[in-house]
Amino acid sequence: MSANRPAAVVVLAAGEGTRMKSKTPKVLHEICGRSLVGHVVSAARELAPEHLVVVVGHAREQVEDHLSAAFDDVRTAFQAEQNGTGHAVRTGLQDLGSTPDGTVIVVCGDTPLLTTGTLRTLAATHAADGNAVTVLTAEVPDATGYGRIVRDGASGAVTAIVEHKDATDSQRAIREINSGVFAFDGALLADALGKVRTDNSQGEEYLTDVLGILRESGHRVGASVAGDHREILGINNRVQLAEARRLLTARLLERAMLAGVTVIDPASVQVDVTVTFEEDAIVHPNTQLLGTTHLAEGAEVGPNSRLNDTTVGAGARVDNTVADGAEVGDRALVGPYAYLRPGTKLGAKAKAGTYVEMKNATIGEGAKVPHLSYVGDATIGEFTNIGAASVFVNYDGVNKHHTTIGAHCRTGSDNMFVAPVTVGDGAYTAAGSVITKDVPAGSLAVARGQQRNINGWVARKRPGSAAAQAAESASGKAESES
Ligand code: UD1
Ligand code: CA
């Protein structure tokens, strides 16, 4: 492999991408949790090139900021005016200073499905055939808009690439197209780029003209045909963006399934490239797994769930849930209809049940918050049970405060824990309590108004009503029974 290590990779990403009809530069649109150019740079970096340079132009600062945030070591070259792909590569090479000694790979920033494997095959073919240039081509069902690969009728050798706009009718019938990905001999590339002219329909310096120039001066021009034409799909509009997302999602889920993950309905699942799985995880329909989400062995997620940067422990069950930055312990239960916000940590076998929202909360092993509750800025000890419809009142309008509930507590339904407050181990609280003061371990806290019954109120105030009649017959019954 090191024999095929490229001297440089040049990524072309200076174009505006007008057909996206977007304020966001084309190469910053995302699929599966990564920008288009991010996918290309990631695949290229795997080749361990000596230099990697991204040619930027349109929305330069935005693209540069994005690249430096996503990668620690990406260099950019500025192409002030987009005078064509040939000019873009020239700009990239100039930025490197001296002409790279060895193979230079050129890729476009808008082909996110390209794999490292295909780039390796291209570099290997290029080296084995001793070519001056090797173009990655593919046979596509619809070649409209692409540059066509023109081959010599007798030898089959590539003679030229003709852009769609410059092609004759018979050339337009060719279905083998230029992917925009090349391997070049660095020195020959630099030399040929100096000879590229602009007498074409777009008045641009075409990188593709380098092939004809090298061939005419007696150098070997070769092609490597991609096994799967979908891999070189270039994104120019949002229809292609959706298609690329669909293809990449299918690829990621296929990899997961072959590694032992059950995906009930792959067509309804979305997954980011950074998501990881262990064996026997199960993904139910209509589920989005995003960011650094991890499903441990036997974890079951969905249906109708969106997990971002969330870890789901072994054998845990997460149903109809939205979670962001949460940790779900082994065999914990979440949902249906739970919302776990950043900083939620559920211990092993803990539960965040139906209509439960949690934020910045640590829930101990086996502790349960089963119904209709908000738990914010809290610590709940192991095996404690929080009654239905409880609210951890964490916000006084200015600051957030913390609530601590001990282990093995039984708090009543409809409690308000007005933070900061602490409930000791083994304590109970009565239903309907507003807990404003600390509760010592083992005690029962009752914090609610005393009940008062006003006898005969309905007969006096609502005479003749259905309620009064019901009350009257009840008292009759009571009398006859006594
Ligand atoms: C290009 C190829 C075409 C190929 C197609 C594959 C040329 C002349 N044409 O056409 O043969 O079939 O890609 O998708 O090479 N860019 C710059 N600076 C420029 C011009 C372009 O950085 O001055 C970048 C763009 O941002 C883009 C890439 O180069 O990432 C390709 O440019 P684009 O305008 O999309 O070329 P196509 O017309 O698609
Ligand atoms: Ca393109």
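Every number for a ligand or one of its atoms is a count from 1 in the order of the listing. The model shown is predicted, which means the values in this text are computed figures rather than measured ones.
Among A14, G109, G84, the residue whose heavy atom lies nearest to atom 20 (C) of ligand 1 is G84. Comparing E16, H58, E163, R148 by heavy-atom distance to atom 11 (O) of ligand 1, the nearest is E163.
Looking at Y206 next to ligand 1, no N or O pair under 3.5 Å apart turns up. The shortest N or O to N or O distance between G145 and ligand 1 is not under 3.5 Å. For ligand 1, one of its N or O atoms has an N or O atom of G147 under 3.5 Å away. Ligand 1 has no nitrogen or oxygen under 3.5 angstrom from a nitrogen or oxygen of G234. Looking at ligand 1, you'll find an N or O of Q79 within less than 3.5 Å of one of its N or O atoms. Ligand 1 has a nitrogen or oxygen under 3.5 angstrom from a nitrogen or oxygen of N178. Checked by distance only, ligand 1 and A88 stay at 3.5 Å or farther apart across all their nitrogen or oxygen atoms.
Taking the ring axis of F78 as reference, the NZ or CZ atom of R60 stays within 45° of it and closer than 6.0 Å to the ring centre.
Under 4.0 angstrom from ligand 1, there are no non-hydrogen atoms of I232.
In summary, the atoms of ligand 1 found under 4.0 Å from a heavy atom of T208, numbered by their order in the structure, are 7 (C), 8 (C), 11 (O), 15 (O). Of all the atoms in ligand 1, the ones that sit under 4.0 Å from a non-hydrogen atom of C108 are 28 (C), 30 (O), 31 (C). Which parts of ligand 1 touch A13 is read off a 4.0 Å heavy-atom cut-off, strictly below it: atoms 22 (O), 26 (O).
Atom OG1 of T287 and atom CG of L307 lie 8.0 Å apart (nearest 0.5 Å).
At a 4.0 Å cut-off, at least one heavy atom of N83 sits close enough to ligand 1 to count as contact.
Between S179 and H229, the closest side-chain pair of non-hydrogen atoms is not below 4.5 Å.
Using modelled atom types, one side-chain atom of S373 and one backbone atom of H371 make a donor-acceptor pair closer than 3.5 Å. Without hydrogens or angle criteria, D152 side chain to A157 main chain gives no donor-acceptor distance under 3.5 Å.
Pairs engaging residues 329-338 under the side-chain hydrogen bond (donor to acceptor under 3.5 Å, both in side chains) rule: none recorded [sequence neighbours left out].
Atom CD of E254 is surrounded by 12 or fewer heavy atoms from other residues, nucleotides or ligands within 6.0 Å. Under a cut-off of 6.0 angstrom, the local environment of CZ in R306 is sparse, with at most 12 non-hydrogen atoms contributed by other residues, nucleotides or ligands.
Among V133, T85, L136, the single residue meeting the side chain to side chain contact (heavy atoms under 4.5 Å, CB included) criterion with F182 is V133.
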